[in-house]
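To start, the structure under review is shown below, and the notes come after it.
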Amino acid sequence: MSHTSILDRWADQVERRAAEPALATAGRDWSHRELAELATGLRARLAEGTGPVLVACADPVPVVAAILACAATGRAFAPVDTRQPAARWTALLADLRPGTVLADSAGRAALAAAGQGELPLLEAESVTGLPWTADHWRGLDGPDAGYVYFTSGTTGRPKGILGSFEAVAHFLDWEIAEFGIAPGTRVSMLTSPGFDAFLRDALVPLCAGGTAVVPAPGAVPVGAALGDWLTEQRIELLHCVPTVFRTLRAAGLTAGSLPRLRAALLAGEPVRPADITWWRGLFGADKELVNLYGPSETTMTKVFRRLTAEDAEAETVPAGCPMPGVEVRVLVAGRPVTEAIGEIEIRTPFPLRGYLGGTPGGFAGPDRYRTGDLGRLRADGALEVLGRRDQQVKVHGARVELGEIEDGLRRHPGVADVCAALVEETDGEPVLCAYLVAEGVTDEELRGHAAETLPAAARPALYLRLSAIPRTLSGKADRRALPSPAAARAGHTGEQPLEGLEAGIAELWRELLHVPSVGRHDDFALLGGDSLGIARLLDGLRTRFGVEVPLRVYVGAPTVAGLAAAVAAGRDGARPDGERR
């Protein structure tokens with residue numbers, strides 16, 4: 001596929017399947033023609049301007065329409081998560097210099113809160129559909145303006161990755177053919193518009209005549225809620241990060257569960273042998289489990305592997321082998337090696353565009369990128385990914401620079417020293433921790449400061465006080481000498497939960513947070529519960545106690561005692577928010 005053939009292929013599907021669903025949202029289904037008409041209306045509005053289009057929408061529907069419209073008008077698009085701190089909005093707007101800002105109500109509220117009032121704003125709700133004609137979308141020969149996705153930067157400033165539709169087309173062609181995605185195939189869309197995997201979730205089904213299925217607004221469904229959603233929405237292809245996938249273990253699945261699901265494709269974090277053992281123990285080889293690997297700089301997946309029972313016995317689950325047209329090398333002192341640990345380099349069959357502003361980073365040529373990941377090529381050609389050679393980590397699939405966290409927290413006047421680390425305790429999910437030398441500053445103040453300076457994925461779940469940061473002889477922070485979060489919190493004391501319901505909820509907290517003790521008035525977030533942890537907590541309350549506790553109720557009373565009261569109210573016939581059923 002060339003970059004314009006994405007639109008050609010999409011137009012063919014609209015023409016053939018006009019009335020079939022293209023996007024299935026909690027509010028309504030959008031047919032292929034309805035989405036095409038919205039894209040046509042937006043195309044007409046964007047044709048009036050020039051320069052990049054910043055897409056600040058929480059609703060995925062206008063984001064998908066913007067991708068199509070920008071491809072047709074030759075304007076670069078830059079989708080962002082609307083939950084950005086003010087400093088990040090300022091930096092990315094200064095770097096991108098958008099000619100148009102397409103924003104829905106959530107995006108406009110975020111921009112206003114960040115003090116960004118004087119912008120070339122286009123309200124997403126003001127865009128109306130126009131008649132769609134396939135000939136107006138086929139055979140276009142305009143420039144491949146591509147896109148920009150912003151990721152974490154070591155200095156605290158977001159880094160814009162430039163990509164092309166040509167690169168996206170290469171990926172789409174591969175995934176549609178490799179996994180037999182056909183008209184009517186229902187594909188999950190769990191990714192935020194601010195991550196480049198959103199292009200995969202949207203364009204794969206659209207170019208194959210399938211349906212991208214979007215969960216209800218709010219937190220990504222996890223656990224039993226995820227299992228129910230996959231079943232009710234008849235999802236055939238699931239894309240998610242391993243952290244979300246693992247929550248299905250609490251969903252009570254059986255061999256007959258998820259009847260329409262054909263494959264679960266995992267990316268963004270390492271897959272564990274236990275993931276394979278559990279999945280294959282349930283479904284055997286009937287539902288594929290696939291490992292995907294590839295940095296955003298090279299456009300989504302570049303290495304993949306259909307995981308087998310043998311992979312469950314491996315010390316490191318292989319990332320796999322390159323997709324067609326891609327070359328992967330492991331370099332030691334600049335030379336390729338096999339069966340030795342070195343830096344992973346990827347060569348693509350299309351030109352790479354680098355970073356916004358021309359920062360070289362790991363780009364080693366027009367089509368080569370040195371990832372900064374350590375890996376090993378096995379004798380059979382499979383790649384193992386073994387970690388980072390720098391201070392970059394993955395949090396729920398999002399790239400985070402530890403240096404950005406440290407830089408942000410050091411700007412608080414009460415912080416004398418800080419070291420950030422992603423810590424994985426026994427049988428637990430990785431926890432983003434900030435180890436601090438600080439006096440006279442509370443966790444609440446630190447969380448407020450982080451919310452103003454750091455993107456959501458880079459905000460520590462835990463703030464742990466030390467008398468001094470351990471350091472090596474050269475003066476660098478010695479992360480290997482940092483105490484575990486459990487050890488650092490072992491001295492926690494507080495009013496103990498009451499017997500019965502509070503004790504049961506406290507036990508659930510200990511399982512989710514991996515803490516030795518919980519007080520009845522402790523705040524779940526202050527003990528390390530991030531957004532995914534909150535979703536798992538609410539799912540656990542539903543499955544363990546039989547009561548649906550809405551997110552707004554949790555926000556009002558995020559303690560063991562508060563949640564126990566909400567669960568008790570639900571059992572007594574009132575909704576947990578206090579109203580009668």
Side-chain angles (χ1 to χ4, degrees), residues 4 6-49 52-80 82 98-108 120-138 140 142 145 147 165 168 172 183 186-187 189 191-194 198-217:
T4 55
I6 291 180
L7 295 178
D8 293 344
R9 192 164 184 171
W10 169 68
D12 288 345
Q13 297 300 335
V14 176
E15 200 168 42
R16 295 173 186 173
R17 276 163 270 280
E20 296 175 18
L23 285 173
T25 72
R28 57 169 287 195
D29 282 0
W30 289 75
S31 71
H32 284 277
R33 178 168 289 279
E34 287 173 324
L35 179 62
E37 290 173 347
L38 180 63
T40 301
L42 183 55
R43 176 182 175 181
R45 300 287 293 274
L46 295 180
E48 300 169 358
V53 178
L54 180 72
V55 185
C57 297
D59 181 353
V61 177
V63 182
V64 176
I67 292 168
L68 298 166
C70 287
T73 57
R75 296 182 66 180
F77 66 94
V80 295
T82 58
T100 303
V101 177
L102 176 69
D104 62 7
S105 58
R108 294 194 299 275
L121 192 66
L122 172 58
E123 295 186 356
E125 298 88 346
S126 73
V127 178
T128 56
L130 291 175
W132 179 88
T133 304
D135 289 344
H136 291 166
W137 290 83
R138 286 198 186 104
L140 301 179
Y147 60 82
F165 279 105
V168 175
L172 298 180
R186 293 174 69 85
V187 181
M189 182 187 277
T191 309
S192 161
F198 183 87
L199 299 177
R200 169 202 68 200
D201 292 355
L203 295 178
V204 163
L206 290 184
C207 289
T211 306
V213 187
V214 187

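Shown here are the side-chain hydrogen bond (donor to acceptor under 3.5 Å, both in side chains) partners of Thr25, two or more places apart in sequence or in another chain: there are none. For Ala124, the side-chain contact (heavy atoms from CB on, under 4.5 Å) partners are Cys57, Pro62, Leu102, Asp104, not counting sequence neighbours. Remark: Arg45 pairs with no residue by the side-chain hydrogen bond (donor to acceptor under 3.5 Å, both in side chains) rule, at least two apart or across chains. Checked against side-chain contact (heavy atoms from CB on, under 4.5 Å), Thr100 has the following partners two or more places apart in sequence or in another chain: Leu46, Val53, Arg75, Leu122. Here Arg16 pairs with nothing under the side-chain hydrogen bond (donor to acceptor under 3.5 Å, both in side chains) rule; sequence neighbours left out. Residues meeting the side-chain hydrogen bond (donor to acceptor under 3.5 Å, both in side chains) test with Arg108, sequence neighbours left out: Glu125. Taking the salt bridge (Lys or Arg N to Asp or Glu O under 4.0 Å) definition, one finds that Glu20 meets it with nothing, sequence neighbours left out. By the salt bridge (Lys or Arg N to Asp or Glu O under 4.0 Å) test, Glu37 pairs with no residue at all, sequence neighbours left out. Under the salt bridge (Lys or Arg N to Asp or Glu O under 4.0 Å) criterion, Asp12 pairs with Arg138, sequence neighbours left out. Legend: residues meeting side-chain contact (heavy atoms from CB on, under 4.5 Å) with Thr128, ordered by chain and number and at least two apart, are absent. Listed by chain and number, the residues in a side-chain contact (heavy atoms from CB on, under 4.5 Å) with Ala26 are Ala216, Pro217 (sequence neighbours excluded).
Distance check: Glu48 CD to Arg43 CZ gives 13.0 Å after rounding to the nearest 0.5 Å. The CH2 atom of Trp132 sits 11.0 Å away from atom NE2 of His32, with the distance rounded to the nearest 0.5 Å. Taken to the nearest 0.5 Å, the OG1 atom of Thr191 stands 4.5 Å off from the CZ atom of Arg200. To the nearest 0.5 Å, atom CG of residue Leu140 and atom CG of residue Asp8 are 7.0 Å apart. For the atom pair CG of Leu203 and CG of Leu172, the computed distance is 5.5 Å after rounding to the nearest 0.5 Å. If you take CG on Leu206 and CG on Leu23, they are separated by 6.0 Å, rounding to the nearest 0.5 Å.
Residues Gly41 and Val127 come closest through the heavy atom pair C-CG1, 3.9 Å. In terms of heavy atoms, Pro183 sits closest to Arg17 at CG-CZ, 3.5 Å. Contact record, Val63 with Pro79: CG1-CB, 4.3 Å, taken as the closest heavy-atom pair. In terms of heavy-atom proximity, Leu54 sits nearest to Ala78 at CD1-O, 3.3 Å. When all heavy atoms of Thr82 and Ala56 are compared, the pair lying nearest together is CG2-C, 3.8 Å. The minimum heavy-atom distance linking Ala72 with Trp137 is given by the pair CB-CZ3, 3.6 Å.
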*Evaluate the criterion side-chain contact (heavy atoms from CB on, under 4.5 Å) for residue pair Tyr147 and Leu199; output intermediate values, then yes/no.*
CA-CA 10 Å; Tyr147 60 82; Leu199 299 177; 3.9 Å; yes
_Full working for side-chain contact (heavy atoms from CB on, under 4.5 Å) between Phe198 and Ile67_ = CA-CA 10 Å; Phe198 183 87; Ile67 292 168; 4.0 Å; yes
_Derivation and outcome, side-chain contact (heavy atoms from CB on, under 4.5 Å), residues Asp201 and Val187_ = CA-CA 7 Å; Asp201 292 355; Val187 181; 5.5 Å; no
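Within the 3.5 Å criterion, the main-chain N or O of Glu34 finds a donor-acceptor partner in the side chain of Ser31. The backbone N or O of Pro21 sits less than 3.5 Å from a side-chain atom of Thr211, completing a donor-acceptor pair.
Sequence neighbours left out, not one pair with a member in residues 52-70 passes side chain to side chain donor-acceptor pair (under 3.5 Å).
The aromatic rings of Phe77 and Phe165 lie tilted to each other, with the angle between the two planes from 30° to 60°.
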